[in-house]
Protein chains: 2
Amino acid sequence: MEVRERSFVKAEEVAKLAGVSRSAVSRTFTDGASVSEVTRKKVLAAAEALGYHVNHLARGLSHERSNIVCLLVSDISTPYQARMIDIATQKLQSIGKIAMVINTTGEPEGVASAMRQTVNYRADAVIVLSGTPSPSLIATCLSNGQRVILINRDDQLSGPTNIVVENTFAATEAYHLLKRAGCARIAVVSSTAGTPSLKAREVAFVEAARQDGLDVPVMQTGPTGYATGMEAARRLFGRAVTPDGIFCVTDLLAMGCMDVARNEFGMSVPDELSIIGFDDIDQAAWMSYNLTTFRQPLDSIADHIVRLLAAETLPQAKSPTKSFQPIPVWRGSVRPRPPR
Amino acid sequence: MEVRERSFVKAEEVAKLAGVSRSAVSRTFTDGASVSEVTRKKVLAAAEALGYHVNHLARGLSHERSNIVCLLVSDISTPYQARMIDIATQKLQSIGKIAMVINTTGEPEGVASAMRQTVNYRADAVIVLSGTPSPSLIATCLSNGQRVILINRDDQLSGPTNIVVENTFAATEAYHLLKRAGCARIAVVSSTAGTPSLKAREVAFVEAARQDGLDVPVMQTGPTGYATGMEAARRLFGRAVTPDGIFCVTDLLAMGCMDVARNEFGMSVPDELSIIGFDDIDQAAWMSYNLTTFRQPLDSIADHIVRLLAAETLPQAKSPTKSFQPIPVWRGSVRPRPPR
DNA sequence: CAATGGTTTGCACGCGCGTGCAACATTGGG
DNA sequence: CCCAATGTTGCACGCGCGTGCAAACCATTG
């Protein structure tokens, strides 16, 4: 391969080497274009020799699709988010799209500037996994012909496509699970993050308990994570009456909670304490936790997204919000039967 | 904001609304261009009203920088990789770059096609976190003016920039740690993945033991992950003589190992068994594991990368490989003193 | 008022590519 | 041998934007 001086090879150079017009080169790399087999071979050979690669940026300039999809996400190192990105990137690639990941973590107004970036790069679609963009920003994206997909942002805006898991159903189910296990002193561990999805789980659980005539304390002492779960446990078990059943709105919270309950307060799970989490992250299946939880069907969700994006015409007429059923995963952190 | 019909706003429309030339609009959004304050205001107002956003794709077409950086990575949901992506995306954004994540997981020849995508999108740089691209592919990228940065791919190719942590040093250190703890029957748990970095840790540890006159068995029963660690422990503790010290080339392996040793074989850590991991993923600090391990200075690494990319002129004269020192993290999975 | 220097503006071109259109080559049938 | 039909090729234009260049404008000074 010829060594060139710090610059990408353009179609014109390939054309010159192959002894054809630039159009011929362009057509060779365009599906369904009319090129004879001989020139095609010549072009491919020349392209290979020069190390030519079609400039997708320039191609997207006239063609209305950039094949770029933006993922807006924060706390990427979180197991749940990481898994989401893993699946999303794979599925997107399988339909010829490519993922731009915009980390909305640190900076103030991170989501807003991220949304602007998506427009700057003419992304075909933007998938929001974290944060809540303002309606006006969403409107901008939509009016520019982008698809906007909100995942687990339960705000149910009418413009974009909403994808949610049925938190209310799952949280209600969780309550009855604990109740059937014979738990009498039940608590909820949530976070101060105020993510709509987590909030929904929290209030649904409390509501289910209330309807059952039980008043359930809610513990929220920090952001969504292991450390907050620890802190919650310390407060819960530092009281006079200690819980025998806990619903955590996130697996990470549950694990922090469980570790402190066991190691600092000598509780045994599930004999003295039943715990339920949410998300079914990898660690939930680890021996030390063996956590009963609810799995979000991320595969199905990703499949659905991909199907949405693959469809050329956007079916805006259809209901803009699609909901998925969380799958209960029975493990060992909930007592099988009530104690005698 | 005016509602438009599924298409991005272009500078010309802004110009018309603002009553200026398109150049004025362009200059308004270009740093260091000469525009009077009044036209600037007019343009900004019009842009705001129309929802105009500069097309970075078109901009990058003539300007030699696309500000796109590709991250090649597999197994994104792994804590280590996730953290790497988290930090990388943040730091890249802080210098005005944007990250394209290419998941090289599934598909055969994934790395090769990923490298090609990199060129297709005219990425300024490509950062390889997983897999080992062929030298010819790397050469293609380099000759196109892209920067290629290989992380922990210890192949030490001469073209691209190599970033490594000193695995040999750390593994040797790990051996002496176990030795000082009084461990006499030491084993290594590795994986069948054959990643250069992991292999380096493995052989360095074995070599350190050999020089100390100790023959150390190496267990590799599957890919790098928790389950493989479990399997390794089952085999190690199913033997007649069982280890009292284990070095795992990855935290995940260590955790699987520890869980099985404790729960299936009743070993107590660190009294009967000392374990050392590598990476210092979040979970290593969790109470259930409290794992002694080596932290990769991901922050420093990312800073270094960012500095490389920010420098306009690439200092190819300098040594193309930069190495970082892993930081020992002392926790509770290694016995503090040898038993009497 | 004229001359001068500095600032701002518009024009026009190029970035790399896809594609409509017309010219061209090829082939088969009459 | 001629004509039509089919297939292929090249030209030229446009995609949205940045920028060099020269014209136009403005303020300041002599």
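Remember, it's a predicted structure, so these values are computed and weren't measured experimentally.
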Option from A/Leu150, A/Val148, A/Thr118, A/Val69 for which side-chain contact (heavy atoms from CB on, under 4.5 Å) with A/Ile127 holds: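 Considering A/Leu150, A/Val148, A/Thr118, A/Val69, a side-chain contact (heavy atoms from CB on, under 4.5 Å) with A/Ile127 is found only for A/Val69.
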Among A/Ile301, A/Val128, A/Val73, which residue satisfies the side-chain contact (heavy atoms from CB on, under 4.5 Å) criterion with A/Ile151?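 Going through A/Ile301, A/Val128, A/Val73 one by one, the side-chain contact (heavy atoms from CB on, under 4.5 Å) with A/Ile151 is satisfied by A/Ile301 alone.
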I need the residues from [range] with at least one non-hydrogen atom less than 4.0 Å from DNA chain D; give them sorted by number, or say none.
| range | value |
| --- | --- |
| residues 16-27 of chain B | B/Arg22, B/Ser23, B/Ser26, B/Arg27 |
| residues 53-61 of chain A | A/Leu61 |
| residues 35-47 of chain B | none |

Full working for side-chain hydrogen bond (donor to acceptor under 3.5 Å, both in side chains) between B/Asp86 and A/Ser77: CA-CA 6 Å; B/Asp86 194 359; A/Ser77 57; 3.3 Å; yes
Residue pair B/Asn152 / B/Gln296, side-chain heavy-atom distance below 4.5 Å: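 Contact flag for B/Asn152/B/Gln296 side chains = yes.
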Please examine the side chains of A/Tyr121 and B/Ile98, heavy atoms only from C-beta on, and report whether any two atoms are closer than 4.5 Å.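 Sidechains of A/Tyr121 and B/Ile98: in contact.
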Straight-line distance of [X] [atom1] to [Y] [atom2], nearest 0.5 Å:
| X | Y | atom1 | atom2 | value |
| --- | --- | --- | --- | --- |
| A/Arg40 | A/Phe29 | CZ | CZ | 8.5 Å |
| B/Ile163 | B/His304 | CD1 | NE2 | 5.5 Å |
| A/Thr105 | B/Gln93 | OG1 | CD | 8.0 Å |

Ignoring hydrogens, what is the shortest heavy-atom contact between [X] and [Y]? Give both atom names and the distance.
| X | Y | value |
| --- | --- | --- |
| B/Asn144 | A/Gly51 | ND2-O, 4.1 Å |
| B/Asn103 | B/Asp75 | OD1-N, 4.5 Å |
| B/Thr195 | B/Arg153 | CG2-NH2, 3.5 Å |
| B/Val54 | A/Asn120 | O-OD1, 3.0 Å |

NA contact type, A/Thr30, heavy-atom cut-off 4.0 Å: base, sugar-phosphate, or nothing?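 Sugar-phosphate: the residue A/Thr30, judged by heavy atoms under 4.0 Å, touches backbone atoms but no base.
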For B/His53, enumerate each residue passing the ring pair (Phe, Tyr, Trp, His ring centres under 6.0 Å) test, keeping only those at least two apart in sequence or located in another chain.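 Ring pair (Phe, Tyr, Trp, His ring centres under 6.0 Å) check on B/His53 returns nothing, list empty.
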So for the helix from C/dC1-D/dG30 to C/dG30-D/dC1, with five pairs setting each end axis, what is the inter-axis angle to 10°?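 About 50° separates the two local helix axes.
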Leading and trailing nucleotides of DNA chain D with any atom under 4.0 Å from heavy atoms of chain B: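 Endpoints of the contacted stretch of DNA chain D: D/dG16 to D/dG20.
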Could you please spell out the steps behind the side-chain contact (heavy atoms from CB on, under 4.5 Å) verdict for B/Val119 and A/Phe8? CA-CA 8 Å; B/Val119 183; A/Phe8 292 96; 4.0 Å; yes
